[in-house]
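Bear in mind the structure is a predicted one, so any value in this text is a computation, not a measurement. Heavy-atom basis, side chains included; hydrogens, waters and symmetry copies ignored.
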Amino acid sequence: MQLVVARIGRAHGIKGEVTVEVRTDEPELRLAPGAVLATDPASAGPLTIATGRVHSGRLLLRFEGVTDRNGAEALRNTLLIADVDPEELPEGEDEYYDHQLIDLDVVTADGAEVGRITEISHLPTQDLFIVERPDGSEVMIPFVEEIVTEIDLEEQRAVIDPPPGLIDDRAEIASSRDESDGDDA
């Protein structure tokens with residue numbers, strides 16, 4: 001099975017290094033020197049990681065055969081894809097691969113059906129479940145423990161405790177004003 005583990009960003013310097021947007025919880029394993037990664041588009045790869053380092057909080061990689069800024073810039077926006085055994089599980093107890101979460105049924109804590117996870121969107125601040133509702137509409141649910149309270153792979157379901165307005169139109173509007181409408185004379 002293939003998993004997207006990073007997206008190549010802009011070139012860094014003049015010696016072929018690139019910034020990468022990491023999309024794996026295991027960059028030390030998936031993006032280590034010597035790793036051979038497939039690419040999307042396929043014509044850009046496969047790529048073998050020559051070196052990796054962190055600079056100013058960003059991961060920089062250099063690939064074998066890419067020795068200058070022009071070569072690095074040509075790889076911009078290329079997805080890096082690792083081959084992973086489908087039976088392999090992430091190291092952390094509360095970590096999941098996308099393929100484990102796709103097609104899970106999403107229900108609320110009281111058992112109400114919300115829909116089915118069709119996609120995981122990886123954003124800089126958090127991941128989102130894209131959930132298809134029974135009526136065909138979609139809802140986005142932040143994959144944070146305050147909202148997603150349980151992932152049960154055996155039962156193939158994700159249990160959520162959504163705040164008002166996340167999955168319905170009944171948002172509660174909080175006001176810091178006093179209810180007396182200012183009739184303080």
Side-chain angles (χ1 to χ4, degrees), residues 1-104 106 115-132 136-148 151 153 158 166:
M1 177 183 57
Q2 296 189 319
L3 295 177
V4 174
V5 294
R7 183 183 64 82
I8 297 175
R10 59 185 172 77
H12 180 84
I14 60 171
K15 296 184 180 179
E17 284 185 312
V18 294
T19 61
V20 293
E21 174 190 314
V22 177
R23 294 190 181 175
T24 176
D25 289 335
E26 302 165 320
E28 66 285 343
L29 174 66
R30 308 279 181 223
L31 300 172
V36 179
L37 302 168
T39 60
D40 181 9
S43 60
L47 295 171
T48 302
I49 297 175
T51 64
R53 66 185 177 104
V54 176
H55 175 72
S56 297
R58 295 213 49 129
L59 179 61
L60 301 178
L61 296 179
R62 191 174 55 75
F63 300 99
E64 290 182 8
V66 180
T67 58
D68 62 15
R69 185 174 186 87
N70 291 338
E73 195 60 43
L75 295 173
R76 190 176 204 159
N77 293 322
T78 298
L79 296 178
L80 298 176
I81 302 166
D83 278 318
V84 177
D85 181 346
E87 301 302 313
E88 181 181 332
L89 299 176
E91 291 178 7
E93 182 180 321
D94 289 333
E95 295 177 2
Y96 304 94
Y97 291 132
D98 288 3
H99 75 275
Q100 294 175 291
L101 302 171
I102 299 292
D103 288 333
L104 290 185
V106 179
R116 182 179 55 84
I117 299 172
T118 57
E119 182 181 341
I120 313 295
S121 180
H122 300 280
L123 302 177
T125 54
Q126 68 192 16
D127 295 336
L128 290 175
F129 290 162
I130 310 301
V131 177
E132 184 178 313
S137 64
E138 286 185 341
V139 62
M140 292 182 272
I141 299 174
F143 187 20
V144 294
E145 67 182 288
E146 294 83 18
I147 296 173
V148 181
I151 299 290
L153 295 178
L166 183 66

Check your understanding: Any chance CD1 of Ile102 has more than 12 other-residue heavy atoms, nucleotides or ligands included, within less than 6.0 Å?
Key -> yes
Review point. Hey, is CZ on Arg53 packed in by over 12 heavy atoms from elsewhere, all under 6.0 Å?
Key: yes
Just so I know, are the side chains of [X] and [Y] near enough to count as touching, which here means a heavy-atom distance under 4.5 Å?
| X | Y | result |
| --- | --- | --- |
| Val22 | Leu31 | yes |
| Val148 | Pro142 | no |
| Leu104 | Ile151 | yes |
| Ile117 | Phe143 | no |
| Leu80 | Arg7 | no |
| Leu153 | Gln100 | yes |

Check your understanding: Between Ser121 (side chain) and Leu128 (backbone), is there a donor-acceptor pair under 3.5 Å?
Key -> no
**Study point:** Spacing of Glu119 atom CD and Asp127 atom CG [to the nearest 0.5 Å]
**Key:** 11.5 Å
Study note, to complete from the structure: Output for pair (Gln126 CD, Ile147 CD1), nearest 0.5 Å, gives 7.5 Å
Review point. Where do Asp103 and Arg116 land on the side chain to side chain contact (heavy atoms under 4.5 Å, CB included) test, with the steps shown first?
Key: CA-CA 6 Å; Asp103 288 333; Arg116 182 179 55 84; 2.5 Å; yes
Practice item. Using a strict 4.0 Å threshold on nitrogen-to-oxygen distance, state whether Asp68 and Lys15 make a salt bridge. Key: no
Point to revise | Residues Arg69, Glu17: salt bridge by 4.0 Å N-O rule | key: no
Smallest separation among heavy atoms of [X] and [Y], with atom names:
| X | Y | value |
| --- | --- | --- |
| Thr118 | Glu132 | CG2-CB, 3.7 Å |
| His12 | Leu60 | CD2-CD1, 3.4 Å |
| Gly52 | Pro33 | N-CG, 4.3 Å |
| Val18 | Ala72 | CG1-CB, 3.5 Å |

Side chains of residues 35-50: which donor-acceptor pairs under 3.5 Å do they make with residues two or more places apart or in other chains?
| residue | atom | partner | partner atom | Å |
| --- | --- | --- | --- | --- |
| Thr39 | OG1 | Pro41 | O | 2.7 |
| Thr39 | OG1 | Gly45 | N | 2.9 |

